[in-house]
Amino acid sequence: MPHRKNFPLITQGEARDLVESGKDYEFRYDLVELGQNGRPQYICIYRYDGKDNVLISERATSQGVVPRRLSLFPGLFNFHTRFRQGTDITLHNDLTITTDGVRGHINLDFDKDPDQDDSKDDGKAK
């Protein structure tokens, strides 16, 4: 079974409740992967009470709960139109996105095992 990082989670229902509560929060899209053919993949982050909470689906899959990943188009645009009504979205040259005045992060190591080392040993003495 693959190891995954632990992070605070929020469902879409909980996110709706947060928005309706009037509580202070920030929302952003973080770039987490350049998928097939270099297409960017994003996750949604709701930041409140000093913690980044990752948006997940309402239902668990056979792999448990996993962050909801959105491709830029049509996924992220459709999600934004449906759930973030009335807010602008700006795509930057580095593929980060700004919405509600908050610019997303580039986090390509988002769900990698913290012990995973992608560097290759070149065999040279150090």
Side-chain angles (χ1 to χ4, degrees):
M1 176 185 274
H3 176 75
R4 296 280 181 152
K5 286 184 180 178
N6 292 326
F7 32 76
L9 306 173
I10 187 170
T11 65
Q12 189 60 52
E14 291 168 331
R16 271 189 226 105
D17 292 344
L18 174 66
V19 171
E20 291 171 2
S21 75
K23 188 175 188 176
D24 286 337
Y25 73 96
E26 289 183 348
F27 176 85
R28 71 176 191 265
Y29 297 106
D30 282 0
L31 174 66
V32 293
E33 182 181 4
L34 293 175
Q36 295 177 333
N37 301 322
R39 294 181 181 152
Q41 296 282 308
Y42 299 87
I43 58 170
C44 305
I45 304 290
Y46 286 82
R47 182 171 182 78
Y48 62 95
D49 294 339
K51 295 180 186 171
D52 288 345
N53 296 268
V54 178
L55 183 69
I56 60 170
S57 298
E58 292 288 334
R59 295 179 226 146
T61 67
S62 60
Q63 299 168 347
V65 293
V66 293
R68 185 170 180 184
R69 288 182 180 241
L70 302 168
S71 59
L72 184 59
F73 187 82
L76 187 140
F77 283 105
N78 288 344
F79 174 86
H80 193 81
T81 300
R82 184 170 177 202
F83 296 108
R84 305 297 301 166
Q85 304 148 350
T87 60
D88 291 332
I89 185 170
T90 304
L91 177 64
H92 302 280
N93 289 338
D94 64 359
L95 300 177
T96 58
I97 293 175
T98 297
T99 186
D100 295 336
V102 179
R103 189 167 184 166
H105 302 162
I106 297 174
N107 190 357
L108 301 179
D109 294 328
F110 167 71
D111 61 356
K112 288 186 180 172
D113 182 341
D115 298 326
Q116 184 177 348
D117 183 7
D118 288 338
S119 63
K120 298 201 188 250
D121 183 7
D122 60 8
K124 295 180 183 175
K126 301 200 183 201

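Remember, predicted model here, so these are calculated numbers, not experimental data.
- Partner of Phe27 under the side chain to side chain contact (heavy atoms under 4.5 Å, CB included) criterion, out of Thr99, Val102, Ile45, Leu18: Thr99 alone.
- In this structure, the side chain of Glu14 engages the main chain of Thr11 through a donor-acceptor pair within 3.5 Å.
- Atom OH of Tyr48 is separated from atom OG of Ser21 by 9.5 Å, given to the nearest 0.5 angstrom.
- To the nearest 0.5 angstrom, Leu70 atom CG is 10.5 Å from Tyr42 atom OH.
- Looking at Asn53, its side chain does come within 3.5 Å of a backbone N or O of Tyr46 through a donor-acceptor pair.
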Derivation of the side-chain contact (heavy atoms from CB on, under 4.5 Å) call for Leu34 and Gln41: CA-CA 6 Å; Leu34 293 175; Gln41 296 282 308; over 6 Å; no

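- Closest of all the heavy-atom pairs between Leu31 and Pro40 is CD1-CB, 3.5 Å.
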Begin with the C-alpha distance, continue with both residues' side-chain angles, and end with the deciding distance and a verdict on side-chain contact (heavy atoms from CB on, under 4.5 Å) for Ile43 and Asn107. CA-CA 10 Å; Ile43 58 170; Asn107 190 357; 5.8 Å; no

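- Residues passing the salt bridge (charged side-chain N to carboxylate O under 4.0 Å, His left out) test with Arg68: none are found, sequence neighbours excluded.
- With values rounded to the nearest 0.5 angstrom, Phe83 atom CZ is found 4.0 Å from Gln12 atom CD.
- Note: Tyr29 and His80 have tilted aromatic rings, judged against thresholds of 30 and 60 degrees for the angle between ring planes.
- Expressed to the nearest 0.5 Å, how far CZ of Arg47 lies from CG of Asp24 amounts to 12.5 Å.
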Applying side-chain contact (heavy atoms from CB on, under 4.5 Å) to Thr98 and Asp88, what does each step give before you reach the verdict? CA-CA 8 Å; Thr98 297; Asp88 291 332; over 6 Å; no

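- For the salt bridge (charged side-chain N to carboxylate O under 4.0 Å, His left out) test, residues two or more places apart in sequence or in another chain that qualify with Asp100 are Arg84.
- Rounded to the nearest 0.5 Å, atoms CD1 (Ile97) and CZ (Arg28) are 12.5 Å apart.
- In the model, His105 has no side-chain atom that pairs as donor or acceptor with a side-chain atom of Thr96 under 3.5 Å.
- We find that Arg103 and Asp94 are joined by a salt bridge, their nearest charged nitrogen and carboxylate oxygen being less than 4.0 Å apart.
- The salt bridge (charged side-chain N to carboxylate O under 4.0 Å, His left out) test applied to Arg39 returns no partner, not counting sequence neighbours.
- Side-chain atoms of Thr81 come within 3.5 Å of backbone atoms of Phe77 as a donor-acceptor pair (strictly under, hydrogens ignored).
- Expressed to the nearest 0.5 Å, how far CD1 of Ile56 lies from SG of Cys44 amounts to 12.0 Å.
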